[in-house]
Amino acid sequence: MRAFMWAGLVGAMACASEPQPLVIGNGGAETGTGDTGSAGEQDADRWPREYVAGPGSGAALLFQSGDAVARIGYVSEGTPLSIAGFPEAGHVPIRIMEGGMKVRALIAADRFTLRVQQRGKLGGTSVYVTPGDYVQFVGPGDDEGIFRVRAGARFGREGIELPTFEGIYPADRLAVTEPAPDESFEAGAPHSLPAGMEVPLYESPNGEVIATLPPAEPPMVVQVVQERGEWKAVRVGTGPYLVGYLNADLAPAEALEPAPQARPTAAPGEVPMRLRHDQERPLWRVRAGTWVRYAEEKVARLEADGWAREMSRNDAGVDVFVAVDDSVAIRGVVPQDALFEVAGAPAAPAQPAAPAQPAAGEPAPEGAPE
């Protein structure tokens with residue numbers, strides 16, 4: 001599908017006093033360029049307007065200039081998103097309008113998600129989802145009331161990667177709201193896989209292999225929900241799950257803890273999570289109403305006083321990593337007069353431009369803004 005042209009997005013943003021929504025509908029996209037006619041856009045009225053940022057690590061907020069795409073920011077799981085165009089090349093134009101900083105950017109498509117409201121199996125796959133799980137939205141299905149989505153097993157620990165699968169799911173079972181827990185859902189008995197070996201997961205006893213479960217230390221834990229002789233029906237993950245059959249020897253284990261899904265929130269007056277590292281860099285407050293620019297284009301606007309780590313400065317302004325709260329953090333340039341000192345902290349000299357490390361395990365967005 002053809003995306004809204006980025007020039008239309010940033011052009012509309014640059015001429016407005018604050019980010020303005022771009023509309024999808026009536027078989028076309030409002031881009032300000034007269035570009036309205038791809039096949040995907042004919043289904044525009046079947047696309048939800050609201051989404052949430054799904055789980056993941058790394059800088060998922062992107063800026064495109066010509067053929068180049070730069071990673072400019074982070075967004076926390078559960079942050080509300082609004083669609084601002086159609087996906088292209090693995091990126092989706094979105095806007096973030098809630099919270100302390102409004103943002104217009106691209107987002108990596110695998111973080112463009114909806115929450116499951118009612119449990120079930122993704123049609124055409126071996127993925128089972130329960131209320132609160134995230135699924136990546138791919139597009140409307142062939143039939144009315146059906147969405148195409150993508151998901152795979154999620155774990156409460158890092159370092160385990162399994163394939164994701166695309167299937168279909170009823171649209172009325174997906175939304176942006178966090179649902180109440182499904183009290184009727186019964187977890188299977190936790191068992192660990194054999195240590196140091198790969199274990200194939202089958203779609204049925206002696207059927208096709210769905211995925212190969214890798215060796216891990218400590219060994220992976222699965223839920224056994226039924227036994228048929230040497231075959232065990234299992235759920236893999238903490239939700240979403242892969243479901244299938246194993247014929248390996250399993251040992252009783254402690255149940256896996258689900259990955260936390262709550263959005264992190266710094267207490268009022270606290271430095272946001274992603275700015276607590278790089279303490280050798282100057283820390284500033286940033287005035288509400290400040291625009292953040294990347295490559296001379298407006299990408300964000302602070303709705304409340306925020307915080308910034310200074311990367312460098314020149315006549316064009318100060319290159320900063322900026323956040324108001326824990327939902328979003330952006331790399332960009334702000335005017336020097338938008339910064340003021342943190343109460344009780346001495347003023348620090350500007351540092352030379354270099355990659356930052358905003359949080360453990362999260363490398364800074366690449367490159368300094370031009």
Side-chain angles (χ1 to χ4, degrees), residues 10 13-20 59-63 65 70-76 79 95-105 264-360 362-370:
V10 296
M13 191 171 183
C15 68
S17 60
E18 60 180 313
Q20 300 295 316
L61 297 179
L62 315 169
F63 177 90
S65 178
R71 297 183 180 274
I72 65 169
Y74 297 90
V75 58
S76 294
T79 299
R95 62 184 187 272
I96 298 171
M97 303 298 287
E98 296 186 20
M101 186 162 56
K102 295 183 178 180
V103 177
R104 181 71 55 83
T265 304
E270 285 189 349
V271 179
M273 170 184 64
R274 295 184 175 94
L275 272 64
R276 293 175 190 170
H277 295 256
D278 276 344
Q279 295 186 12
E280 75 279 5
R281 296 186 177 277
L283 179 67
W284 300 96
R285 297 305 306 271
V286 188
R287 290 185 173 84
T290 299
W291 284 96
V292 183
R293 295 175 181 266
Y294 193 94
E296 300 184 1
E297 300 289 353
K298 294 178 178 178
V299 294
R301 182 177 186 272
L302 278 70
E303 299 299 298
D305 287 350
W307 304 80
R309 289 283 180 192
E310 180 177 339
M311 304 291 111
S312 65
R313 64 173 65 196
N314 55 38
D315 292 342
V318 186
D319 175 14
V320 294
F321 191 56
V322 60
V324 174
D325 50 38
D326 285 341
S327 294
V328 185
I330 291 285
R331 180 77 178 268
V333 173
V334 299
Q336 293 188 22
D337 61 7
L339 303 178
F340 62 100
E341 293 181 10
V342 176
Q351 301 291 318
Q357 299 295 328
E362 288 190 343
E366 60 191 33
E370 299 174 358

Derivation and outcome, side chain to side chain contact (heavy atoms under 4.5 Å, CB included), residues V320 and W284:
CA-CA 9 Å; V320 294; W284 300 96; 5.7 Å; no
Looking at A59, is its backbone amide N or carbonyl O close enough to the side chain of R71 to form a donor-acceptor pair, meaning the two atoms are under 3.5 Å apart?
yes
Applying side chain to side chain contact (heavy atoms under 4.5 Å, CB included) to R281 and F321, what does each step give before you reach the verdict?
CA-CA 10 Å; R281 296 186 177 277; F321 191 56; over 6 Å; no
Hey, does the side chain of R293 reach the backbone of G332 with a donor-acceptor pair shorter than 3.5 angstrom?
no
Using side chain to side chain contact (heavy atoms under 4.5 Å, CB included) as the criterion, point out the one residue from V318, V322, T290 that pairs with L339.
V318
Looking only at non-hydrogen atoms, find the nearest pair between A295 and F63 and report the distance.
CB-CE2, 3.8 Å
Side chain to side chain contact (heavy atoms under 4.5 Å, CB included) between S65 and E296, intermediate numbers included
CA-CA 11 Å; S65 178; E296 300 184 1; over 6 Å; no
Got a second to check how far R301's CZ is from I330's CD1, nearest 0.5 Å?
15.5 Å
Taking all atoms of both residues into account, what is the closest heavy-atom pair of R331 and Y294, and its distance?
O-CD1, 3.4 Å
Taking atom CD of Q336 and atom CG of N314, what is their separation to the nearest 0.5 Å?
8.0 Å
Can you see which heavy atom on V286 is nearest to which on A308, and at what distance?
CG2-CB, 3.5 Å
Are the side chain of D319 and the backbone N or O of R313 linked by a donor-acceptor pair below 3.5 Å?
no
With sequence neighbours left out, the residues meeting side chain to side chain contact (heavy atoms under 4.5 Å, CB included) with V324 are M101, L302, A304
Can you give me the closest heavy-atom contact between A329 and R274, atom names plus distance?
CB-CD, 3.9 Å
Quick one: does R309's side chain have a donor or acceptor within less than 3.5 Å of a partner on H277's backbone?
yes
I'd like to know if the side chain of R95 reaches the main chain of K102, judged simply by a donor and an acceptor atom lying under 3.5 Å from each other, with no hydrogens or angles considered.
no
Return the set of residues passing side chain to side chain donor-acceptor pair (under 3.5 Å) with Q279 (not counting sequence neighbours), or none when no residue passes.
none
Could you tell me whether the side chain of D326 reaches within less than 4.5 Å of the side chain of P272, counting heavy atoms only?
yes
Here's one to test your reading of the geometry: is the NZ or CZ of R285 within 45 degrees of the ring axis of W307 and under 6.0 Å from its centre?
yes
Closest heavy-atom pair, A323 versus L275, reported as atoms and distance to 0.1 Å, is CB-CD1, 4.0 Å
